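Note: hydrogens, waters and symmetry copies are ignored here, and every other heavy atom, side chains too, is used. Being a predicted model, the structure only gives us computed values, none of them experimental.
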Amino acid sequence: MEIVLADGTVARSDRFSVAVCTCRRSRAYPWCDTSHRRRERTGRQAEERKQ
């Protein structure tokens with residue numbers, strides 16, 4: 001799998017199954033590593049979640 005990022009960088013993965021990160025909080029961006037689940041939300045996201 002290859003992804004061309006906005007800045008022209010090419011990200012490659014040889015894994016059988018990959019997930020693309022859409023929240024941009026992954027430590028392995030552009031690949032999703034579910035690290036966003038452990039990070040606290042800040043700002044507007046935290047306020048929206050409280051409601």
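Listed by chain and number, the residues in a side chain to side chain contact (heavy atoms under 4.5 Å, CB included) with Val10 are Glu2, Val4, Arg12 (sequence neighbours excluded). Applying the salt bridge (Lys or Arg N to Asp or Glu O under 4.0 Å) test to Arg15 and every residue at least two apart in sequence or in another chain returns nothing.
Counting only distance, with no hydrogens or angles, the side chain of Ser26 and the backbone of Trp31 share a donor-acceptor pair below 3.5 Å.
Distance SG/Cys32 to CZ/Arg24: 13.5 Å, rounded to 0.5 Å. Arg25 contributes atom CZ, which lies 11.5 Å from atom CG of Asp33 (distance to the nearest 0.5 angstrom). Between Ile3 atom CD1 and Tyr29 atom OH the span is 8.0 Å, to the nearest 0.5 Å.
In Asp14, the CG atom is not crowded: 12 or fewer heavy atoms of neighbouring residues, nucleotides or ligands sit closer than 6.0 Å.
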